[in-house]
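Computed over heavy atoms, backbone and side chain alike; hydrogens, waters and symmetry mates excluded.
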Amino acid sequence: MVDALGVAVVGFGWMGRVHTQAYARVRHHYPQLALRPELVTVAEEVPGRAEEAAERFGFASATRNWREVAADPRVRAVSITAPNFLHREIGVAMAEAGKHIWIEKPVGLSGQDARAVADAVTKAGVQGAVGFNYRNAPAVETARALITGGDIGTVTHVRIRLFSDYAAHPDAALTWRYERERGGSGVLGDLASHGADLARFLLGDITSLAADTAVFLPERARPAGATAGHTLASGGERGPVENEDYVNCLLRFASGARGVLEACRVSVGEQNNYGFEVHGTRGAVFWDFRRMNELAVSRGTTYQDQPVSTVYVGPGDGEFAAFQPGAANAMGYDDLKVVEAARFLRSIAEGRPYGATLADAVRSAAVLDAMAESAERGAWVSLPVS
């Protein structure tokens, strides 16, 4: 028997829509799930946006006040897709109200915020999932299996890149994303948080790092009204960009491997250029998000001039079989969120975590805090090993 689970979405920008669509699709791809999500309510403070979302996607009700969601007995699970500075307050409140939470990264503005939400989830005995979606790509999960299985030998070094141009336009509006108080650490929280999670997911604990950061577009125009996404705003009062456009970081892993993590939000000519290159003593694996369903693999005993083969993921790789019947049929970004939704629902049904958790968010946030400290001090910073 399939039980209904009342769900809510708090914050209905682009990511709120992605979560909503994932709930709508999840049982199509995972019919064996013991829970069926029902869209109970949506909360969004921008006037009219919640009502529009309810009408378009079928939520039973809408509100501008997220606290009404915490008090709603119909709601058992909540997606938190509001701006970063609200994540801690909303996450703690929902957990304390006994709601399971699926929260987007970064979980707050600091490691302290992430730990506060994680502690609230643990104390309440509810499940907590985090939106580290790139680890859900079947090719990434296959890469991890090859690495941990020793197919490329002992890992020597990794390079992780996250380059985008979403903030490259000089007339991009000075929204909360560029303010330290509301947006936190800029590209560190937005893109490098994914990089930190991928680094740990693939290679294990990071023990120390050295980072450098920069702001390349120091001023932007303030928007005239409510914004969604990355809106342009020209002619308005200009204000300072308070957080980082760019970070470059050297990593040392507990395994002895070395790494480089680089992220930028103002890279002209780069659209979602996310990926990694992992090298070992007998081979290597390469992944590019823009070719999400492919993995380049080099393995063998040739070493010098060893060829690289392109592998198309298929059934048997990660969650691919839930979406496509055969290799080289494409999955897309939204499918990764359906995977997250399925793992979140399975966690609730079985009472144990599947997929990325608040513990992963805490560890990622610790890496980001260390990056910020290193850039400020101009020195290597050590991290505790979990």
(message) Whether the Ser364 and Asp197 side chains hold a donor-acceptor pair (N or O, under 3.5 Å, no angle test) is what I'd like checked.
(response) no
(message) Could you check whether atom CD of Glu219 has more than 12 heavy atoms from other residues, nucleotides or ligands sitting under 6.0 Å from it?
(response) yes
(request) In plain terms, say whether Asp3 and Arg36 are close enough for a salt bridge, that is, a side-chain N and a carboxylate O under 4.0 Å apart. (result) no
(request) If the plane angle is over 60° it's perpendicular, under 30° parallel, otherwise tilted; pick one for Tyr274 and Phe289. (result) parallel
(message) Are the side chains of Arg290 and Asn273 in contact, using a 4.5 Å heavy-atom criterion?
(response) yes
(request) Compare every heavy atom of Ala375 with every heavy atom of Thr213, then report the nearest pair and how far apart it is. (result) OG1-CB, 3.7 Å
(request) Could you tell me whether the side chain of Asp190 reaches within less than 4.5 Å of the side chain of Arg265, counting heavy atoms only? (result) no
(message) For Arg177, is there an ion pair with Glu179 - N to carboxylate O distance below 4.0 angstrom?
(response) no
(request) Would you give the length of the straight line joining atom CG of Leu146 to atom CZ of Arg299, rounded to the nearest 0.5 angstrom? (result) 5.5 Å
(message) Treating Gln306 as the side-chain partner and Arg282 as the backbone partner, does any N or O pair qualify as donor plus acceptor under 3.5 Å?
(response) yes
(request) Would you check if Met331 and Met292 make a side-chain contact, meaning some heavy-atom pair closer than 4.5 Å? (result) yes
(request) Spell out, as yes or no, whether a donor-acceptor pair under 3.5 Å connects the side chain of Asn243 to the backbone of Gly184. (result) yes
(request) Would you indicate whether the side-chain heavy atoms of Val278 and Ile147 approach each other to under 4.5 Å? (result) yes
(request) Report the C-alpha separation of His194 and Lys105 in whole Å, then their side-chain angles, then the decisive distance to 0.1 Å, and conclude whether the side-chain contact (heavy atoms from CB on, under 4.5 Å) test is met. (result) CA-CA 8 Å; His194 281 299; Lys105 56 87 234 163; 3.3 Å; yes
(message) With a 3.5 Å distance limit and no angle check, can you tell me whether Asp369 reaches the backbone of Gly111 through a side-chain donor-acceptor pair?
(response) yes
(message) Would you compute the distance between atom CE of Met94 and atom CD1 of Ile101 and round it to the nearest 0.5 angstrom?
(response) 9.0 Å
(request) State whether the number of non-hydrogen atoms from other residues, nucleotides or ligands found under 6.0 Å of Gln112 atom CD is greater than 12. (result) no
(message) Any non-hydrogen side-chain atom of Met371 less than 4.5 Å from a side-chain atom of Cys249?
(response) yes
(request) Kindly compute the distance separating CG (Leu261) from CG (Leu209), expressed to the nearest 0.5 Å. (result) 9.5 Å
(request) Hey, could you give me the CG/CD distance between Asn136 and Glu141, rounded to the nearest 0.5 Å? (result) 6.0 Å
(request) For Leu35 and Leu345, work out which heavy atoms get closest and say how close. (result) CD1-O, 3.5 Å
(request) Spell out, as yes or no, whether a donor-acceptor pair under 3.5 Å connects the side chain of Thr41 to the backbone of Ala60. (result) no
(message) Does any part of the side chain of His87, heavy atoms only, come nearer than 4.5 Å to the side chain of Asp113, both counted from C-beta?
(response) no
(request) May I have the step-by-step check of side chain to side chain donor-acceptor pair (under 3.5 Å) for Thr63 and Glu68, ending in yes or no? (result) CA-CA 7 Å; Thr63 179; Glu68 293 181 5; 2.7 Å; yes
(message) Counting only heavy atoms not in Gln32 (residues, nucleotides, ligands), do more than 12 fall under 6.0 Å from its CD?
(response) yes
(request) State plainly whether the residues Arg220 and Glu242 are in salt-bridge range, i.e. N to O under 4.0 Å. (result) no
(request) Give me the ring orientation class for Phe12 and Phe59: parallel if the planes are under 30° apart, tilted from 30 to 60°, perpendicular past 60°. (result) perpendicular
(request) Before accepting this row, confirm whether a basic side-chain N of the pair Arg200/Asp360 lies closer than 4.0 Å to the acidic partner's carboxylate O. (result) yes
(message) Looking at Glu96 and Lys123, is there a salt bridge between them, counting it only when a charged N and a carboxylate O are closer than 4.0 Å?
(response) no
(request) Evaluate the side-chain proximity of Phe323 to Arg25: yes if any heavy-atom separation is below 4.5 Å, no if none is. (result) yes
(message) To check you understand the geometry: which heavy-atom pair defines the closest contact between Val18 and Lys337, and what is its length?
(response) CG1-CG, 3.3 Å
(request) Under the side-chain contact (heavy atoms from CB on, under 4.5 Å) rule, what do Trp66 and Glu89 come out as? Steps first, then yes or no, please. (result) CA-CA 10 Å; Trp66 63 261; Glu89 182 181 11; 3.6 Å; yes
(message) Hydrophobic clustering (ILVMFWY, side-chain heavy atoms < 4.5 Å, transitive) - are Phe201 and Leu191 grouped together?
(response) yes
(message) Tell me whether Leu188 shares a hydrophobic cluster with Leu217, the cluster being built from Ile, Leu, Val, Met, Phe, Trp, Tyr side chains joined at under 4.5 Å.
(response) no
(request) Say whether Val362 and Val367 are linked into one hydrophobic cluster, either directly or through other cluster members, by side-chain heavy-atom distances under 4.5 angstrom. (result) no
(message) I need the Gln127 CD to Ser347 OG distance, nearest 0.5 Å.
(response) 5.0 Å
(request) Please say whether the positively charged group of Arg343, taken as NZ for Lys or CZ for Arg, lies over the ring of Tyr354, i.e. under 6.0 angstrom from the six-membered ring centre and within 45 degrees of the axis. (result) no
(message) Would a single hydrophobic cluster contain both Val260 and Phe163, if residues Ile, Leu, Val, Met, Phe, Trp and Tyr are joined by side-chain heavy-atom contacts under 4.5 Å?
(response) no
(message) Given 3.5 Å as the limit, does a donor-acceptor pair link the side chain of Asp119 with the main chain of Ala116, or not?
(response) no
(request) Report the C-alpha distance between Glu340 and Arg135 in whole Å, list the side-chain angles of each, state the deciding distance to 0.1 Å, and finish with yes or no for salt bridge (Lys or Arg N to Asp or Glu O under 4.0 Å). (result) CA-CA 10 Å; Glu340 272 183 34; Arg135 62 155 64 187; over 6 Å; no
(message) Using a 6.0 Å cut-off, check whether atom CZ of Arg291 has over 12 heavy atoms from anything other than its own residue.
(response) no
(message) Once rounded to the nearest 0.5 Å, what's the spacing between atom OG1 of Thr281 and atom CD1 of Ile152?
(response) 8.0 Å
(message) Tell me whether the count of non-hydrogen atoms from other residues, nucleotides or ligands lying under 6.0 Å of CD in Glu45 goes above 12.
(response) no
(request) For the pair Thr81 (side chain) and Gly11 (backbone), establish whether a donor and an acceptor sit closer than 3.5 Å, ignoring hydrogens and angles. (result) yes
(request) Mind listing the closest non-hydrogen atom pair of Ala361 and Val130 along with its distance? (result) CB-CG2, 3.8 Å
(request) Check whether any side-chain N or O of His279 sits under 3.5 Å from a backbone N or O of Ala284 as a donor-acceptor pair, and report yes or no. (result) no
(request) Identify the heavy atoms of Pro307 and Ser298 that sit nearest to each other, and give their distance. (result) O-OG, 3.1 Å
(message) Please check: side-chain N/O of Ser374 versus main-chain N/O of Trp380, any donor-acceptor pairing under 3.5 Å?
(response) no
(request) Applying side chain to side chain contact (heavy atoms under 4.5 Å, CB included) between Val10 and each of Ile103, Val75, Ile90, report the one that passes. (result) Ile90
(message) Please find the pair of heavy atoms, one from Pro315 and one from Pro325, that lie closest to each other, and give the distance.
(response) CG-O, 3.3 Å
(request) Check for a donor-acceptor pair, side chain of Gln324 on one end and backbone N or O of Ala330 on the other, with a separation under 3.5 Å. (result) yes
(message) Can you tell me how the ring of Phe344 sits relative to the ring of Trp102, calling it parallel under 30°, perpendicular over 60° and tilted otherwise?
(response) tilted
(message) Do Trp14 and Leu336 land in one hydrophobic cluster if side-chain heavy atoms of ILVMFWY residues count as linked below 4.5 Å?
(response) yes
(message) If you define the side chain from C-beta out and look only at heavy atoms, does anything of Asp288 sit under 4.5 Å from Phe276?
(response) no
(message) Quick test of your reading of the model: are Glu373 and Arg377 salt-bridged, counting only N-O distances below 4.0 Å?
(response) yes
(message) Can you confirm whether the side chains of Glu277 and His157 place a donor and an acceptor under 3.5 Å from each other?
(response) no
(request) Say whether Arg74 and Ser61, considering side chains only, have a donor N or O and an acceptor N or O under 3.5 Å apart. (result) yes
(request) Decide whether Tyr23 and Glu38 meet the rule of one side-chain donor and one side-chain acceptor closer than 3.5 Å. (result) no
(message) Distance alone, cut at 3.5 Å: any donor-acceptor contact between the side chains of Asp165 and Gln271?
(response) yes
